[in-house]
Amino acid sequence: MTDLIVKKNFHAFSAEITPPGDKSISHRAIILGSLARGKTRARGFLSSRDTLATVNAVRHMGIDVNVNAGEVQILGKGLFGLKMPRDIIDAENSGTTARLLAGLLSAQNFPSAITGDLSLRRRPMSRITVPLRKMGAKILGRGETLPIHITGSELEGIEYDSPVASAQVKSSLLLAGLYARGKTCVTEPKRTRDHTERMLSHFGVPLKVSENCVSIDSAEEFSGTELEIPSDISSAAFLIVAALINPGSEIVIKNVGLNPLRTGVLDIFLEMGGDISIENFRECCGEPVGDVIARHCILNGVRIEGELVSRAIDELPVISVAACFAEGQTVISEAEELRVKETDRIRAMTEELSKLGADIQEMRDGMVINGTQELHGARCHSHGDHRVAMSLAVAATRALGETVIEDTDCVSVSFPGFFQIFDELENRK
Ligand code: S3P
């Protein structure tokens with residue numbers, strides 16, 4: 001287990017960085033590329049522990065995938081080209097792998113099983129097994145957590161009103177819906193990231209979207225395509241906060257995915273008074289992209305609730321770090337989903353930021369943070385969660401004295417080059 005030691009406050013830094021590819025889009029490129037006929041090439045692919053779990057899963061089902069220097073080539077075999085997996089599918093730490101593949105595997109004509117690491121085996125799966133069973137999926141066991149065994153069967157389309165705002169649930173049902181008889185319709189309580197919908201359209205698969213509702217009919221075969229995957233806004237968020245809270249700093253982050261259902265983090269920082277701007281806004285393979293520029297400035301506390309929560313769900317840990325350096329109070333509520341991420345992120349951030357001297361209080365569905373503008377170094381722990389580890393590393397850039405973050409290998413789940421970039425920022429003036 002590797003610990004990260006941050007010795008002192010950062011200097012003011014000025015940098016231009018292109019973070020690695022978007023994790024959500026990378027998973028979907030592998031899955032849809034496997035179902036397409038012929039070659040799909042995705043530039044900007046994120047090669048990280050989570051996405052490689054998806055790569056290994058489809059390889060186990062006979063799909064040829066070649067990952068090489070930020071590019072992936074997938075030789076898809078069509079909608080009915082997957083083979084019975086050679087082994088139990090190990091989704092490792094990746095909820096996206098487990099939940100999306102569960103939908104896909106429910107509709108195949110072979111049995112399969114999915115498991116994951118200790119963290120993933122604790123996370124809720126009934127959010128997908130309940131609606132998949134309504135479609136006729138045969139999932140053995142209680143289906144509340146992994147491992148699950150799926151027999152593979154013919155499915156019927158359903159109209160599903162999801163009780164949770166979850167892109168993983170929506171995407172799992174859409175993948176099952178590609179095979180189901182009739183129409184599959186998913187309504188969400190709040191809109192969530194629509195990468196699956198956008199990528200299906202890019203592959204030429206028809207689907208209908210209206211407000212919170214997506215519907216898909218059983219699909220015809222579709223062909224492989226070319227994809228450009230933008231940098232991950234969730235990874236960019238750590239660098240943005242590092243610039244916002246370190247006096248004199250400025251960062252230019254290139255080629256960031258700016259899907260409006262992911263940009264809650266930028267809206268929150270703007271509401272906090274953050275000095276953030278966007279340049280070179282464009283569209284690439286159906287996804288909006290641009291360069292984000294962030295400069296240090298005085299932030300103020302905000303209320304974060306409602307649709308901002310689902311539009312910034314993965315960034316809330318690092319937003320709680322920014323709130324420590326804001327003037328006044330920040331209240332994050334309606335964010336109980338944070339409790340069932342890679343770890344309980346409400347508890348983890350409250351415990352660990354408290355060790356650094358933050359004035360932060362745990363709520364049932366969020367956190368209340370009173371900005372103190374000053375933290376001190378301490379020994380803290382990642383809870384084995386990549387986003388907690390990186391959030392603490394960012395907090396440590398403004399903590400007086402040495403901070404040790406224990407167990408930081410987990411950053412390889414989403415941002416394998418993080419430490420190298422972090423080192424460069426630490427030593428750059
Ligand atoms: C993801 C959806 C989100 C997000 C996760 C990736 C996806 O989870 O937190 O990191 O790729 O669909 P939920 O859909 O469970 O909210």
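Order of listing sets the numbers, starting from 1, for every ligand and every atom in it. Hydrogens, waters and symmetry mates are skipped; everything else that's a heavy atom, side chains included, is used.
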>> In the structure I gave you, are the side-chain heavy atoms of Ile421 and Leu239 within less than 4.5 Å of one another anywhere?
In response: yes
> Ala167 to ligand 1: N or O pair under 3.5 Å?
Replying inline: yes
> Side chain, backbone, both or neither: which part of Arg28 comes within less than 4.0 Å of ligand 1 when only heavy atoms are counted?
Replying inline: side chain
> Among Asp359, Ile360, Ile369, whose side chain to side chain contact (heavy atoms under 4.5 Å, CB included) with Leu353 holds?
Replying inline: Ile360
> Has ligand 1 got any nitrogen or oxygen that is less than 3.5 angstrom from a nitrogen or oxygen of Glu337?
Replying inline: no
> Applying a strict 4.0 Å limit to heavy atoms, is Lys170 in contact with ligand 1?
Replying inline: no
> So, for Phe80 and Tyr179, is the gap between ring centers shorter than 6.0 Å?
Replying inline: yes
> What do you reckon, does Arg193 put a non-hydrogen atom under 4.0 Å from ligand 1?
Replying inline: yes
> How far is atom 1 (C) of ligand 1 from its nearest protein heavy atom, and which residue and atom is that?
Replying inline: Gln168 NE2, 3.5 Å
>> Need the ligand 1 atom indices (1-based, order shown) with element for anything under 4.0 Å from a heavy-atom of Thr96.
In response: 1 (C), 6 (C), 7 (C), 11 (O)
> With sequence neighbours left out, which residue pairs that include part of residues 227-245 fulfil the salt bridge (charged side-chain N to carboxylate O under 4.0 Å, His left out) condition?
Replying inline: Arg43-Glu228, Asp232-Arg262
> Could an N or O of ligand 1 be found under 3.5 Å from any N or O of Asp314, whether backbone or side chain?
Replying inline: yes
> Does the side chain of Phe325 come within less than 4.5 Å of Val241's, by heavy atoms?
Replying inline: no
>> At less than 4.0 angstrom from any non-hydrogen atom of Ser24, what atoms of ligand 1 do you find?
In response: 1 (C), 6 (C), 7 (C), 11 (O)
> Quick one: does Glu406's side chain get under 4.5 Å of Cys380's, heavy atoms only?
Replying inline: no
> Which part of Lys341 is near ligand 1, with near meaning a heavy atom under 4.0 Å away: side chain, backbone, both or neither?
Replying inline: side chain
> Side chains of His149 and Ile139: does their closest heavy-atom pair fall under 4.5 Å?
Replying inline: no
